[in-house]
K.L.:
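Pasting a structure below so you can have a look.
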Amino acid sequence: MLAAVVGALVVPGEYSSGTIRTTFAAVPHRSTVFAAKAALVAGVMYVLALLSCSTAYLVGYAMLPEGRYAQGDPLPALFGIAASFAVAAVLGLAVGTLARHSAGAVTTVIGLLLLPSLFGPLFGNAERWIAGLSPTAALEKLTQTSDAAADTVGSLGPWPSLVLVAACTAAVSLATLLLLRRRDA
């Protein structure tokens with residue numbers, strides 16, 4: 001959620017202060033501005049997540065008694081976890097660009113992250129598909145938590161789930177680009 005909130009706060013501050021006009025005057029192609037912001041937010045979030053998750057894994061490994069718990073190979077999962085943070089940040093950026101208001105963007109992006117898992121049980125057998133669309137579901141699958149049961153976070157594997165979430169984020173970003181081209185600053 002923190003990555004999505006950081007992404008959501010990138011653009012609304014420019015709208016509230018009026019500096020977005022200067023940005024668009026300097027770079028008239030709004031899609032270039034959005035792509036640059038998305039690349040920066042995703043890159044920074046990926047590096048921060050990879051460093052912090054690697055550190056957390058090493059600290060946890062050092063604290064656990066040797067031989068008592070099974071240790072898996074952390075490298076593919078750590079890259080996926082970092083990618084999931086980057087995808088959530090880009091989702092937040094797209095929502096923040098659409099909303100243009102900090103509080104509205106943060107509320108909306110948190111809702112997008114939580115609503116699939118909250119409302120999934122209301123849809124009976126479709127719960128696993130609806131809950132599986134959430135970026136938090138992909139993260140739970142990658143971290144292999146005990147909460148990552150197929151009935152609550154979908155039956156897709158961790159990597160296909162991450163690809164699905166990235167595709168949904170790309171769709172929201174595309175909608176943001178289309179709307180961004182038509183709106184005034």
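What you are looking at is a predicted structure, and each value in this text was computed from that prediction instead of being measured.
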K.L.:
Going by heavy atoms in the side chains, are F34 and L93 under 4.5 Å from each other?
P.N.:
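The answer is yes, as the side chains (C-beta and beyond) meet within the 4.5 Å cut-off.
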K.L.:
Do the side chains of V41 and V33 join up, straight or via other hydrophobic residues, at under 4.5 Å, putting them in one cluster?
P.N.:
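Yes.
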K.L.:
Just by distance, do the side chain of R100 and the backbone of S16 share a donor-acceptor pair under 3.5 Å?
P.N.:
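Not confirmed, R100 side chain does not pair with S16 backbone.
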K.L.:
Nearest 0.5 Å, what's the CG-CD1 distance between L50 and I81?
P.N.:
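Reported value, rounded in 0.5 Å steps: 9.5 Å.
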K.L.:
Does any part of the side chain of L180, heavy atoms only, come nearer than 4.5 Å to the side chain of F24, both counted from C-beta?
P.N.:
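F24 reaches L180 side chain to side chain.
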K.L.:
Under 4.5 Å between any side-chain heavy atoms of L114 and M1, yes or no?
P.N.:
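Answer yes - side chains close enough.
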K.L.:
Do V87 and V163 share a hydrophobic cluster, counting only Ile, Leu, Val, Met, Phe, Trp and Tyr and linking them when any side-chain heavy atoms are less than 4.5 Å apart?
P.N.:
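The answer is no; the residues belong to distinct hydrophobic clusters.
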K.L.:
Would a distance-only check, ignoring hydrogens and angles, find a side-chain to backbone donor-acceptor pair under 3.5 Å from T19 to Y15?
P.N.:
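Side chain of T19 to backbone of Y15: no pair is present.
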K.L.:
Go through the structure and list residues passing side chain to side chain donor-acceptor pair (under 3.5 Å) with T107, not counting sequence neighbours.
P.N.:
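Scan of T107 (side chain to side chain donor-acceptor pair (under 3.5 Å), adjacent residues dropped) gives none.
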K.L.:
Under a single-linkage definition using a 4.5 Å side-chain heavy-atom cutoff for Ile, Leu, Val, Met, Phe, Trp and Tyr, are L122 and L115 assigned to the same hydrophobic cluster?
P.N.:
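Per the 4.5 Å side-chain linkage, L122 and L115 are co-clustered.
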K.L.:
For the residue pair A105 and P12, what are the closest heavy atoms and their distance?
P.N.:
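It is CB-CG, 4.3 Å.
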K.L.:
Who clusters with L40? Use side-chain heavy atoms, under 4.5 angstrom, across I, L, V, M, F, W and Y, and order the result by chain and number.
P.N.:
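Hydrophobic cluster check, L40: joined to V44, L48.
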K.L.:
May I have all residue pairs that pass side chain to side chain donor-acceptor pair (under 3.5 Å) and include part of residues 35-56, sequence neighbours excluded?
P.N.:
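Qualifying pairs, neighbours excluded: E14-K37.
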K.L.:
Hydrophobic cluster membership, with links at side-chain heavy-atom distances under 4.5 Å among I/L/V/M/F/W/Y: are I20 and V10 in one?
P.N.:
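In one cluster with I20: V10, yes.
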K.L.:
Can you get from V90 to V5 by hopping between Ile, Leu, Val, Met, Phe, Trp and Tyr side chains that sit under 4.5 Å apart?
P.N.:
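As far as the 4.5 Å side-chain criterion goes, V5 and V90 are not connected within one cluster.
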